Amino acid sequence: MKKALALLLTICMLGALGGCSKQSDNGNEKSVEGNAEGNTGETTEEKQEEHEEVTLYVYMQDIDAIDAWNELLANFMEEYPWITCELMDSQEKYYTTVLATGDMPDIANLSLSSEARAMVDAGLIADTSKTEVCQHVSQDYLDSVTYEGVCIGVPQGVAFSVMFYNMKILQEAGWDKVPSNRDEFLQCCKDVKAKGYDALTLAGDKTTCCWMLWECILATEAGAAYGSTSAFDEAFKDGTLEFAGYPEATRLLDEVSAYIMPGTTAYTEDDVASAMASGNVAMCIAGNWSAGNICGAIETVTGDAAYVGASLPPFQKEGEASWTTVAPESSLVMSGVDQGEAHNEARLQLYEYIWEPENYKLLQNARGIVPVIDNMTSDQIVLDAAIAALVDEVPSAPSISMGFNCWTAEFRSIACTALNDVYAGNSTAEAAVNTMQTTLQQSYLNMEE
Amino acid sequence: MTLTRTNRKNTRSYMKRRIRHGSLMLLPTMIFVVAFVVIPLIYVGIISFCKWNGSRTVKMKFVGLQNYMRLGNVVGFRDMLIFTFVFAIAVTVLTVLVSLVMALALDIPSYGRYVNRSFLRACWYIPALIGGVAVGVVWRIMYNYNNGVINSILDMMGLAKVNWLETYGVTGIAVIIAQVWVQVGMCIIIFLAGLQSIPLELYESATIDGASKLQQRLKITIPLLAPSITINFVTTSIAAFKAYELPYTISKGLPGYSTHLVTQMIYHYSFEALDYGTGAALSILLVILIAAIQLIQLIILRRREDIY
Amino acid sequence: MKRKKKVVPLLMEGLILFITIAILLPVFYFVISAFKSREDILFYPLKMTVEMFTFDNFIIAFSKMKYFASVKNTAIITGVSLAFTVGLSSMAGFVIARVQARRFQISYSFLVALMVIPFIGCVIPLVIIMNRIGLYNHLWACILIQSSWNLPFATFLYTGFMKSLPGELEEAAMIDGCSLFKTYLRVFLPLQAPVTATCCIRCGIGVWNDYLVSSSFLNSAKSPTLMVSVKKFFGQYVNEYGQSFAAVVMCSIPIFLVFIFLQKYFIKGMAAGAVKG
């Protein structure tokens with residue numbers, strides 16, 4: 001037994017040493033501590049074909065289209081044989097360790113959150129405003145992702161909120177077309193419930209979706225009062241937005257929450273798709289990014305794609321236009337850390353490569369994103385039928401920005417906890433709205449300290 | 001001692017040499033522990049007196065006791081403290097109780113089914129073998145109101161479905177059950193080992209004296225198991241206080257803050273809100289909390305142990 | 001008389017069986033879901049028919065999670081950190097238990113007190129420290145951290161058991177001219193095989209199934225580890241439950257086998273050594 005243990009120990013030590021020496025070779029290339037001996041070996045007299053071997057790391061937080069990314073990277077590596085691209089696995093709270101160590105992946109995805117701002121301050125994100133792709137994006141979008149003069153990257157797509165319907169259940173309840181205002185919506189919920197189905201569900205586990213129901217209701221009341229998207233956003237960011245100042249919205253939230261399916265607050269977006277696929281619930285409110293899953297689920301359970309219904313959230317008063325909430329999806333950012341000329345150049349080449357329509361379409365097709373770049377042809381873009389019908393409506397519909405562009409992490413956590421309580425029937429909308437208001441004012445006060 | 005060589009070895013210089021060698025042998029352990037446990041802890045302590053957002057390029061700003069003062073204002077603080085205590089106590093008591101009963105049941109030799117018992121022992125340890133990431137997900141799926149396994153079984157038995165993850169109070173029970181499930185295996189194994197160390201003669205002499213089986217259990221077994229009970233109480237309670245992944249995956253702290261643990265709050269402030277000062281203050285608070293509880297526990301349990 | 005005697009044992013057997021089934025229910029659900037397709041997991045949680053049986057999840061999971069690379073890295077981390085833990089803590093336990101000196105008692109209290117520190121709070125300071133040392137993104141970062149954080153508990157175990165061995169062993173060794181270290185190595189350590197087995201299982205499982213340390217200190221493309229690879233099946237929009245369960249089953253099989261193998265040692269031996277605080 002003792003000999004076996006000693007042998008095992010020796011093997012482990014050797015294995016560790018072997019493993020470690022291999023790691024250190026790769027480590028040198030990636031290390032940020034000015035360890036650039038390998039990379040500055042490139043001289044100007046080198047022939048065109050002679051290239052420095054470079055390894056690039058691509059990190060996509062909560063990656064979904066792994067296959068599409070692998071295909072894209074494989075194509076890239078074929079075209080640029082001296083560059084190796086590695087796709088990293090999603091790790092929880094990865095960007096906090098990036099901030100603490102300064103070890104930034106070459107390509108990553110980030111929204112302009114406080115984390116991203118801290119990273120820009122630390123010099124970890126490169127300014128992409130001079131890249132080729134930015135010529136094909138409207139100035140509005142570029143402005144929304146620019147901080148302190150640094151354009152962090154082009155958003156992967158446009159996101160907006162959608163209400164999805166299982167038309168088969170609606171027809172059974174006596175509705176041939178989707179409800180078009182709040183009264184019809186509430187009546188529809190009542191009818192659906194009378195037939196023994198659940199009316200509404202959403203992804204309570206994800207803060208963006210949890211907030212979405214409330215912000216769509218709020219938009220119909222408060223959005224009009226502020227007149228424009230940017231005015232509303234500014235009020236939110238300044239802390240002057242008064243959630244409790246719109247009693248109609250609070251009342252509507254109470255009424256709608258009564259029809260929410262039990263168990264909703266624990267649902268992830270995937271669970272929502274599963275719930276739709278089980279055929280027990282008629283409607284769900286979600287972002288257009290989950291259209292693929294949800295529409296697929298409805299089609300599976302009803303057997304016919306014609307039973308998939310979608311519209312902008314119908315919470316407006318009768319006779320008014322539908323409001324929606326819009327946001328740019330997370331941007332593809334490029335590392336701003338200097339790792340030597342060859343490395344920096346390779347990084348830029350990869351970034352530009354991804355955004356070429358022929359390559360970007362791989363990602364777009366896999367995820368059904370609504371693209372922001374304007375140099376794609378219509379046959380390159382593949383959208384779900386339900387979303388395709390809405391895409392034209394969105395630019396002209398009145399809208400406010402989705403919450404995640406305006407809130408702080410503290411506000412998000414407190415507000416979504418309060419909202420989940422309302423959805424679960426544990427508290428009234430009024431209590432939640434008051435909590436939100438207090439928190440908003442409090443957190444902005446704290447920020448000023 | 002009659003051997004002169006031994007006597008000669010009991011001199012002061014020999015003792016000093018022993019202590020020196022002993023110190024050398026203890027040194028690597030202390031180096032490891034100081035480098036990777038104590039120094040980070042000191043670091044955390046320093047951060048708890050500062051305001052910092054986690055970025056390498058941003059200096060920490062010293063703010064004194066402000067982080068600690070503001071802890072009381074943290075939303076959900078009271079609920080979180082209450083649940084942390086309830087969770088730790090409930091998990092510890094339930095785990096030790098269940099594993100004690102099971103160990104006693106599994107140890108009764110009169111069934112003569114020794115082979116079955118090894119198999120059962122392995123079965124009880126399986127929950128501890130599965131990785132934490134998946135365990136939480138499995139339990140969350142099982143607690144699903146509409147399609148979950150548990151509600152399906154309740155339905156089949158004709159009982160009402162329970163909304164496990166959205167009801168105040170019930171969610172806490174759900175999280176506690178899952179944690180007990182994970183920790184029971186190790187406790188049973190320690191109890192079984194402790195049981196096997198009790199000499200059978202004691203039972204035989206008790207039977208001769210006319211004691212019933214139940215009396216034997218109460219008067220002989222449990223008192224002699226006192227050291228095992230101590231170990232189990234200590235390790236289970238420490239693990240319950242430090243638990244983070246499993247409860248978070250199951251309930252995310254909802255509904256409200258009723259299933260929020262201090263570790264989850266630390267995670268939220270450190271990693272999501274980028275407010276390391278508050279996160280560090282909460283960590284230090286947690287350390288003090290656990291240390292205090294362990295001290296109390298050890299005093300009580302050691303006293304019981306000495307009596308027996 | 002005889003009938004009465006049979007009822008209670010029967011009840012106990014029934015109770016044991018019932019609770020064992022309750023304990024195994026999630027495991028059962030989890031294992032059979034690994035063999036089912038997505039729809040079947042959703043609609044028929046506990047049912048398993050021959051038609052539903054599929055290996056697809058395993059095949060996909062295997063390729064997606066870079067199984068061999070992950071196992072290799074995880075095994076290296078587990079093996080080396082266990083070697084450190086067992087080696088260092090058994091030495092420490094021996095010294096604390098057998099050599100009488102105030103400094104060792106203080107060290108013991110100090111080490112045991114360190115068990116209460118939560119790891120989650122210390123992650124970022126450790127990341128910074130590792131970065132400064134230059135071990136960030138290195139397997140050794142994980143190895144050192146895992147061994148250090150397991151040392152307090154392991155020392156606690158070893159000290160208890162070393163105390164329970166009789167003093168004559170030591171004296172016999174001294175007569176034979178062994179130094180302190182040799183006494184430890186040749187005499188005490190071999191007798192502690194069951195405690196070593198317990199320590200290996202307890203700490204080994206913790207390291208093998210660990211997610212937090214590997215995800216914070218390693219680059220998942222360069223050095224994948226098992227639990228980090230499993231997390232990849234829980235994407236933001238789609239959770240591939242079947243595949244993730246298949247992945248976890250594949251992760252758990254190695255330790256399950258090791259556990260079965262070591263189980264015999266430590267239960268029988270712990271009885272001989274007696275469990276004393």
Side-chain angles (χ1 to χ4, degrees), chain A residues 32 92-103 113-115 117-124 198 201 204-205 207 210 260-268 271 274-275 277-278 280-281 408-414 416-418 420-421 423-427 435 438-439 442-443 446 449, chain B residues 47 51-58 61 63 66 70 73-76 79 133 137 139-141 143-148 151 161-171 174 245 248-260 264-265 267-276 278-279:
Chain A
V32 176
E92 232 170 277
K93 299 306 154 196
Y94 177 66
Y95 292 124
T96 47
T97 47
V98 167
L99 262 180
T101 56
D103 187 30
S113 57
S114 49
E115 244 173 13
R117 293 200 187 95
M119 286 162 86
V120 172
D121 288 335
L124 295 174
D198 282 308
T201 185
D205 192 67
T207 49
C210 172
I260 293 187
M261 186 165 90
T264 294
T265 61
Y267 279 177
T268 59
D271 292 330
S274 303
S278 68
N280 290 330
V281 57
T408 59
E410 217 172 318
F411 176 82
R412 171 188 78 199
S413 153
I414 296 171
C416 289
T417 306
N420 273 331
D421 259 347
Y423 298 155
N426 289 326
S427 125
T435 309
T438 329
T439 311
Q442 198 64 35
S443 63
N446 285 344
E449 269 176 31
Chain B
I47 298 178
K51 204 171 154 84
W52 189 44
N53 77 341
S55 173
R56 202 172 61 138
T57 54
V58 172
K61 203 173 70 140
V63 290
Q66 194 186 63
R70 284 177 31 189
N73 295 335
V74 163
V75 181
D79 285 337
V133 177
V137 173
W139 277 99
R140 199 170 60 92
I141 303 176
Y143 280 131
N144 187 330
Y145 180 74
N146 295 299
N147 301 327
N151 275 349
K161 284 200 205 178
V162 178
N163 198 342
W164 292 100
L165 296 176
E166 281 184 343
T167 323
Y168 278 90
V170 177
T171 315
E245 240 168 55
Y248 184 72
T249 317
I250 295 181
S251 72
K252 293 277 193 318
L254 298 171
Y257 290 93
S258 65
T259 56
H260 228 90
Q264 292 174 17
M265 196 67 79
Y267 179 85
H268 168 71
Y269 275 100
S270 301
F271 293 89
E272 289 182 4
L274 288 185
D275 181 3
Y276 281 89
T278 315

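Convention: sequence-line order gives letters A, B, ...; per-chain numbering from 1. Bear in mind the structure is a predicted one, so any value in this text is a computation, not a measurement.
Side-chain atoms of B/Y168 and A/D421 include a donor-acceptor pair closer than 3.5 Å.
Of the listed residues (B/N144, B/I250, B/D275), the greatest number of heavy-atom pairs within a distance under 4.5 Å of chain A belongs to B/N144. Chosen from A/V98, A/T97, A/D205, A/D121, the residue pairing most often with chain B at heavy-atom distances under 4.5 Å is A/D205. Ranked by heavy-atom pairs under 4.5 Å with chain B, the first of A/A275, A/G263, A/C416 is A/G263.
In this structure, A/E115 and B/F271 approach most closely via the heavy-atom pair OE2-O, 3.9 Å. A pairwise comparison of heavy atoms in A/T265 and B/L165 identifies OG1-O, 4.5 Å as the closest pair. Nearest heavy atoms, B/G256 versus A/T417: O-CG2, 3.2 Å. The shortest heavy-atom contact between B/S55 and A/A118 is OG-O, 4.2 Å. Closest heavy-atom contact between B/P255 and A/N426: CB-ND2, 3.7 Å. Of all non-hydrogen atoms in B/A273 and A/A409, the two that sit nearest each other are CA-CB, 3.7 Å.
The distance from atom OG1 of A/T96 to atom OH of B/Y267, rounded to the nearest 0.5 Å, is 7.5 Å. Between the CG atom in A/D103 and the CZ atom in B/R56 there is a gap of 9.0 Å [rounded to 0.5 Å]. One distance of note links OG1 of A/T408 with CG of B/L274; it measures 11.0 Å at 0.5 Å rounding. Taken to the nearest 0.5 Å, the CG atom of B/N53 stands 12.5 Å off from the CZ atom of A/R117. Residue B/Y145 holds its OH atom at 8.5 Å from CG of A/D198, rounded to the nearest 0.5 Å. Summarising the geometry, atom CD1 belonging to A/I414 is positioned 7.0 Å from atom NE2 belonging to B/H268; distances are rounded to the nearest 0.5 Å.
Looking at B/R140 and A/D271, a side-chain N of the basic residue comes within less than 4.0 Å of a carboxylate O on the acidic one, giving a salt bridge.
At least one side-chain heavy atom of A/S413 sits under 4.5 Å from a side-chain heavy atom of B/Y257.
Only the side chain of B/Y269 comes within less than 4.5 Å of a heavy atom of chain A; its backbone N, CA, C and O stay farther away.
With hydrogens and angles disregarded, no donor-acceptor distance shorter than 3.5 Å links the side chain of B/E166 to the backbone of A/P262.
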